[in-house]
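The structure presented is a predicted model; accordingly, all values stated were derived computationally and were not measured. Values reported hereafter were calculated over all heavy atoms of this structure, with side chains retained and with hydrogens, waters and symmetry mates removed. All ligand and atom numbering here is 1-based and tracks the order in the structure.
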Amino acid sequence: MTFPVVGMVGGGQLARMTHEAGIPLGIRFRILSDTPQDSAAQVVSDVTVGDYRDLDTLRAFARGCDVVTFDHEHVPVEHLRALQAEGVTVRPGPDALVHAQDKGVMRARLAQIGAPCPRNRIVADAADVTRFAAEGAGYPVVLKTVRGGYDGKGVWFARSEADAADAFKAGVPVLAEERVDFVRELAANVVRSPHGQAVAYPVAESVQVDGVCDTVIAPAPNLPEELSAQAQRLALTVASELGVVGHLAVELFETRGPDGTPGILVNELAMRPHNSGHWSMDGAATSQFANHLRAVLDLPLGDPRPRARWTVMANVLGGDYPDMYAGYLHCMARDPGLKIHMYGKDVKPGRKVGHVTTYGDDLADVRERARHAADYLRGTIDE
Ligand code: ADP
């Protein structure tokens, strides 16, 4: 049998949806999951349950895999270097992945390649944050632990030196950034293969609520053509300069200069399929998951172009109702064009348990349909 085995570290919804994309291609898919109940572990047949921080576990998992890739960026890079030295193909490799693991390393490298970023530097303690504030626009200052944050955890908006002290409690180095007065958040998603082939998805708008992605609109409405091309070029440059293989999400802030000139600044990098690209499952000719698989296998990449004028993805967050299935009847009857993706996760307030996608020609209608379905499934509306 010549069909390759792709091993993905992590058992979350990204692994679940990557598995789904590999089925029509006949790709054999294996995951390393924390528990047998994780989202992907429920549906993938070849599951290793174990700790991705343990090198021997990773070694045993990688044996027999043609390539190892990731649903999260937390595997220690020294372990990945050890696997590579033993002949395992790791994509993206540790030299790229470290930029998605450590915001300090990421900022330093982006400065080297001339990518526009908010003013930033590593700060030693709360008094140093005050010095950083004095060097620029003053408080508030955004503080981020360089490692371990996600969905806004590990990010503080410090209004004073006393506030700033909180960020140092974890004992992890802290990066200070100027607070960007952005117009909105964008995501430039690209996929790059070892051959150096790369594709760029339309730049999307990502709407965050309480630090969590809530809605994604592709393409970003009213984005000037020039800025969109600039964002795509920037993401492609980051992918090639950092040697990324697979999907790269470049989270961006759209800004306006004092004279109203639009601009972009890089917020974050993710080197795996990303929430801002979920719309592509239903809204693009080739989804981010299919293209991630093609890239890590060094196959030619698929067409990233949208299938409809507008695609809107709304995350379904856990609410007060534990039974999301109860909402299917109403949502499906109301909107036959609705696409529902649930992750098999227990409902907990605020947790991402699924997403819905709608597409069409009328943006207001497409948005309303996605919003309605996400809210109805969550239980915040009942009609
Ligand atoms: P995480 O790694 O948890 O996703 P991010 O660095 O993406 O953290 O920050 C989470 C959110 O905080 C961003 O989506 C944005 O809304 C806000 N944010 C982050 N950095 C800044 C900044 N420098 N200025 C203004 N807002 C910011």
Completion exercise
ligand 1 atoms nearer than 4.0 angstrom to some heavy atom of Glu251 are 7 (O)
Exercise for the section: Establish, from distance only, whether the side-chain atoms of Arg233 and Gln230 form a donor-acceptor pair under 3.5 Å. Expected result: no
Handout entry: Glu254 vs Leu227 side-chain heavy atoms within contact, under 4.5 Å
Key = yes
Problem - From Leu317, Asp214, Thr215, residue fulfilling side chain to side chain contact (heavy atoms under 4.5 Å, CB included) relative to Val209 - result: Asp214
Practice task
May I ask you to list the atoms of ligand 1 that are less than 4.0 angstrom from any heavy atom of Glu178?
Solution key: 22 (C), 23 (N), 24 (N)
Handout entry: Residues Ser276 and His274: side-chain donor-acceptor under 3.5 angstrom
Key = yes
Handout entry: Atoms of ligand 1, numbered as shown, that sit under 4.0 Å from any heavy atom of Phe253
Key = 15 (C), 18 (N), 19 (C), 20 (N), 21 (C), 22 (C), 27 (C)
Problem - Shortest non-hydrogen contact from Cys65 toward Phe61 - result: SG-O, 3.4 Å
Practice task
Look only at interatomic distance and state if Arg179 has a nitrogen or oxygen under 3.5 Å from any nitrogen or oxygen of ligand 1.
Solution key: no
Fill in the blank from the handout: One finds that the ligand 1 atoms under 4.0 Å from a non-hydrogen atom of Phe182 are 16 (O), 25 (C), 26 (N)
Exercise for the section: Return yes if a side-chain donor-acceptor contact under 3.5 Å exists between His292 and Thr69, otherwise no. Expected result: yes
Practice task
Please state which part of Val142 comes within less than 4.0 Å of ligand 1, counting heavy atoms only: side chain, backbone, both or neither.
Solution key: side chain
Exercise for the section: Give the atoms of ligand 1, by number and element, whose distance to some non-hydrogen atom of Lys144 is under 4.0 Å. Expected result: 6 (O), 19 (C), 20 (N)
Completion exercise
Taking only non-hydrogen atoms of Val155 and a 4.0 Å limit, the atoms of ligand 1 in range are 8 (O), 9 (O)
Exercise for the section: Indicate whether any N or O donor in one side chain lies under 3.5 Å from an N or O acceptor in the other, for His341 and Glu20. Expected result: no
Practice task
Check each atom of ligand 1 against the heavy atoms of Val180 and keep those under 4.0 Å away; list them by number with element.
Solution key: 22 (C), 23 (N), 24 (N), 25 (C)
Practice task
Using a strict 4.0 Å cut-off to heavy atoms of Glu177, name the atoms of ligand 1 that fall inside it.
Solution key: 20 (N), 22 (C), 23 (N)
